[in-house]
Amino acid sequence: MSCNSSVNLSFSFLMFLFADGAVAEIEKKIIEAFEVFDHECNKTVDVREIGSIVRSLGCFPTEAELHELLAKVEEEEPTGHIHLEKFLPVMTKVVLDRRYRPIPEDVLLHAFEALDEHKCGYITKEELVKYLTKEGEPFTQEEMEDMLSTALDPETNSVHYRDYISMMIVDET
Amino acid sequence: MGSGSSVNANYKYSLQKSENAFKAAVLIQQWYRRYVARLEMRRRCTWRIFQSIEYACEQDQIKLHNFFSYLMDHFTPSSSKERDFISRMFISGESFKEAELEKYCDYESLEVPDSYTGPHLSFPLLPDHATALLEAFKHKQQLHARYLLNLLHETRKHLKQLPNISHVSTCYSEEITVCGDLHGQLDDLFLIFYKNGLPSPSKSYVFNGDFVDRGKQSLEILIVLFTFLLIYPKEVHLNRGNHEDHMVNLRYGFTKEVMQKYKVHGKKILKMIQNVFCWLPLATLIDQKVLIIHGGISDTTDLDMLEKIQRNKFVSVLRGKKRKESNRNVEIQELNGESKVEADPAGNEADPSFSLQPRPAQAPSVANRLEFSKWVRQTVQEQIEWCRQLVDISESEPEELTYSSVVSLTDLDEPCWTRQDEWKQILDILWSDPIPQEGCRVNTVRGGGCYFGPDVTGKILEKHNLQFLIRSHECKQEGYEFCHNRKVLTIFSASNYYEIGSNRGAYVKLGPDLIPHFVQYQANKMAHTLTMTQRISRVEESAFRALREKLFAHTSALIRAFKAYDKDNTGRITLSNWATAVESVLHLGLPWRMLRPQLVRSTEDGMLEYKSWLDDLAMEQRSQEHIQSSLLEVIYRNRSNLETIFRIIDRDHSGLISSEEFHQTWKLFSSHMNIELTDDGINDLVRSIDFNKDGNIDFNEFLEAFRLVKQSQ
């Protein structure tokens, strides 16, 4: 058997396992999330909103992963809009495959600690800005300012990341 | 090996370190972006909740009409008292001739005591009066009834001279500022004046309707606007909105505000305001190119017709319906409002936008019911006759010039349309909403006006050689929004409309180039200091509170729906079925699966124990445990209709109705709503909530006692 068909087989096996109910429910949720951003009620959304939709469905893709996904759902001639009929099957598979898993709290903590050179429990504003706007998948100025507005302790001009993480985790449902 | 290896090690170490830093940064960014996306979703869902609840409320107007129809068909009064009661619901009010209005709403006999510290007005008004008023209102002072009534009289005199469509030119003023809905939010008006400057010979303003209702300072807004209107008549222009209508005011708070602030003269003031509202112009045209109306348009909108209508005939745009009994050919006129002051008697307008509503089932032919219906009709007819006599119109005058009867006329000045056409023109202008899809259909959500698509916009703009439309009527998150390919602009000037932080307000400035420039604002200091997260949380909390109340109000229907999915009576259903069931009962079109985490706290293996969930919802309401819960549910579900009915009955606007009338209202309502409510049940209600005042019931207090969502402002 060729590689392809064995992949196909396992996929259909999965589909079989997840009988009608579960998949239908996942699809309904995806459609709901999609429609929240569908302003013209014509089953399309602006391509720039796809990130919000994917992320609010419990996924944590990086920007690179998001671009990969977009490539699969865009039209041949990119119009700036994504159609539900293309998005739905792709997103359903993403959810079923449990791709782009959430980042556990402790991993996040390690990430902050990695940037905290002297391990003092906080990162100065300058350092944080430097890392997050120059490294990784850089923040825009707006994103940076927004994070700082909640994270920054104005008295010390630094981010006490343990406190920050606890606060943000609580906010999530 | 010596320094080489330590250099290597150093190099490896720093390479690893920067790799780590890179990875760490990616993780943090990844996680943060997800957080922001979640917030964005929550924000949009919150917005959807508020909008769906707001518009669902307006459907209550339809229910009210159904209620009245039901009464006509079904109710058998058991006593003459009951008959009187019913008739009073249908026939509310006397009509006034002009001179009588002046006499009734006379202000000259009102003395202003020396102890009065508020502003004094004298006519003609001067700019100093305006500044004095603004200062006074900033200090929470109240204008004396005498000056208020005087102002209203002068305003009415002025408005009567104006055409239906105000024509404004940018040649003389540099820029024209257009403001949208204010809804009694005086702070927003102050903010607009602060940022943009007061009206003056070099600063023109157009205020696009909905000055009153919902907010708590509707009167102050009216006073300020009318004052500037009289001081700068060439520069200040007002359009009528759908809330400049006493029938709407009964429901949405303005009537209550006036009566609370002016206990002695409130009724007169309301009467005058009613007669000022009907004289407000319907539209404004800038440079013959930009049309400003409050609601929108329809495919039948005709500016030429609009110019010629006698706009003051339409005191309330939400009029009653004309019904033809199928087998009797008798017309019933339902008077839902006070008659007009001027020429014509109360409306006979037929009701195209209500024609989609299903008629209540035909009453079984029980002799006394028909007798009663006939009696009601007769009484109503008599009342109309009496009204007509007061205004000197004989019955023989034809109510409408139908098209066929006019076709033969050669005099082209005669209007060749019906009263019904005129009414539809105004209804559409004041109540319509734009939608993305093409076409034009009845606006069933609001119960009036149309939903109009981009094709309708294109057609009307072309027909009248216009560039674009400016309208208001709908709250927008950023205070303004374009649609229909930038041919329709919605401008909304009431910030924090649903809740602190819910939305910005905006105004738009147009110069001779007619290119719009926007200024946005938010009239609450607190809104600025909150972070985005806090703002969204706060508004979200408010939205969900309102949504939970709605859910509670439909407890019985929800149980029925849930049981349908729980045939084995386990008491549990899947979350998927929960979502479907809830939508089937509430019809709000909300993304229930996205909202679920906020509404359903605990689940087991993806299943919900629905009974205990509903009990939790019930516990949130104020402590009315001693009231039978199904009754409570009905009250919540119908609170706004009940309020409106109470206000109609309370003709002298005192806020009190007799115990007898209270009972009557309840009995009627409960029979219509198909719930069991004994006299004892009503007595329990009365007793438990101590709002009895000398045998009269303060229905404001009664309604307050059943208010779940706390008043935040």
Side-chain angles (χ1 to χ4, degrees), chain A residues 21-22 24-25 28-37 39-42 49 51-66 100 102-103 107-108 110-115 117 128 131-139 143 146-147 149-151 161 165 167-168 171-173, chain B residues 16-48 435-437 454 481 483-484 529-534 536-537 540 574-577 579-580 583 589-601 606:
Chain A
E25 186 56 17
K28 280 192 198 140
K29 192 155 184 207
I30 294 172
I31 294 172
E32 261 190 15
F34 190 89
E35 285 182 344
V36 172
F37 289 87
H39 305 297
E40 309 207 351
C41 306
N42 57 1
E49 315 263 40
S52 302
I53 299 174
V54 172
R55 287 173 170 130
S56 61
L57 286 166
C59 301
F60 283 65
T62 61
E63 292 290 290
E65 287 167 331
L66 200 57
Y100 316 137
I103 297 170
V107 171
L108 188 60
H110 286 319
F112 274 104
E113 282 175 343
L115 302 181
E117 284 218 35
L128 194 64
Y131 280 121
L132 296 180
T133 57
K134 301 266 188 306
E135 300 275 357
E137 294 178 325
F139 270 169
E143 284 175 312
D146 206 42
M147 180 192 244
S149 72
T150 351
Y161 47 84
I165 292 173
M167 179 172 65
M168 299 292 262
D171 253 338
E172 297 252 8
T173 46
Chain B
Q16 179 141 70
K17 198 174 134 209
S18 62
E19 254 180 45
N20 284 345
F22 185 92
K23 282 189 198 153
V26 170
L27 266 175
I28 295 173
Q29 289 150 348
Q30 193 177 345
W31 165 83
Y32 185 77
R33 284 176 173 133
R34 198 265 167 171
Y35 175 77
V36 168
R38 270 287 284 141
L39 269 188
E40 180 62 18
M41 177 61 85
R42 279 163 64 187
R43 188 176 73 87
R44 284 172 192 265
C45 285
T46 301
W47 190 255
R48 295 275 300 267
I435 48 167
Q437 296 84 8
E481 191 175 278
C483 66
H484 293 188
T529 58
L530 297 173
T531 62
M532 178 174 70
T533 310
Q534 285 169 321
I536 293 177
S537 294
E540 195 182 30
T574 66
L575 291 173
S576 175
N577 289 335
T580 320
E583 176 60 24
L590 290 174
W592 293 104
R593 288 169 185 82
M594 302 301 297
L595 302 175
R596 200 225 0 113
Q598 311 275 67
L599 291 171
V600 176
R601 296 292 169 177

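Worth saying up front: this structure is predicted, and the values here are computed from it rather than measured.
The most heavy-atom pairs under 4.5 Å with chain A, out of B/Ala21, B/Pro436, B/Cys45, B/Pro591, come from B/Pro591. By number of non-hydrogen pairs under 4.5 angstrom with chain A, the leading residue of B/Gln437, B/Arg33, B/Gln30 is B/Arg33. Ranked by heavy-atom pairs shorter than 4.5 Å toward chain B, the options A/Glu63, A/His110, A/Glu49 are led by A/Glu63.
By the side chain to side chain contact (heavy atoms under 4.5 Å, CB included) test, A/Glu135 pairs with A/Tyr131, B/Phe22, B/Ala25, sequence neighbours left out. A/Tyr100 is linked by a ring-ring contact (aromatic ring centres under 6.0 Å, His included) to nothing, counting only residues two or more places apart in sequence or in another chain.
Only the backbone of A/Glu35 comes within contact range of chain B, with at least one heavy atom under 4.5 Å from a heavy atom of that chain. Looking at A/Ala114, the atoms closer than 4.5 Å to chain B (heavy atoms on both sides) all sit in the side chain, from C-beta outward. For chain A, the nearby part of B/Arg48 is the side chain; its heavy atoms alone come within less than 4.5 Å. Neither the backbone nor the side chain of A/Pro102 comes within contact range of chain B; no heavy atom of the residue lies under 4.5 Å from a heavy atom of that chain. Proximity to chain A involves both the backbone and the side chain of B/Trp592, based on heavy atoms less than 4.5 angstrom apart. Residue A/Glu113 does not touch chain B at all, counting heavy-atom pairs closer than 4.5 Å.
Under the 30°/60° scheme for interplanar angles, the aromatic rings of A/Tyr161 and A/Phe112 are found to lie parallel.
For the atom pair CG of A/Leu132 and CD1 of B/Ile28, the computed distance is 5.5 Å after rounding to the nearest 0.5 Å.
The pair B/Glu40-A/Arg55 does not count as a salt bridge, with every side-chain nitrogen at least 4.0 angstrom from each carboxylate oxygen.
In terms of heavy-atom proximity, A/Lys28 sits nearest to B/Arg593 at CD-NH2, 2.9 Å.
No side-chain heavy atom of A/Lys29 sits under 4.5 Å from any side-chain heavy atom of A/Glu25.
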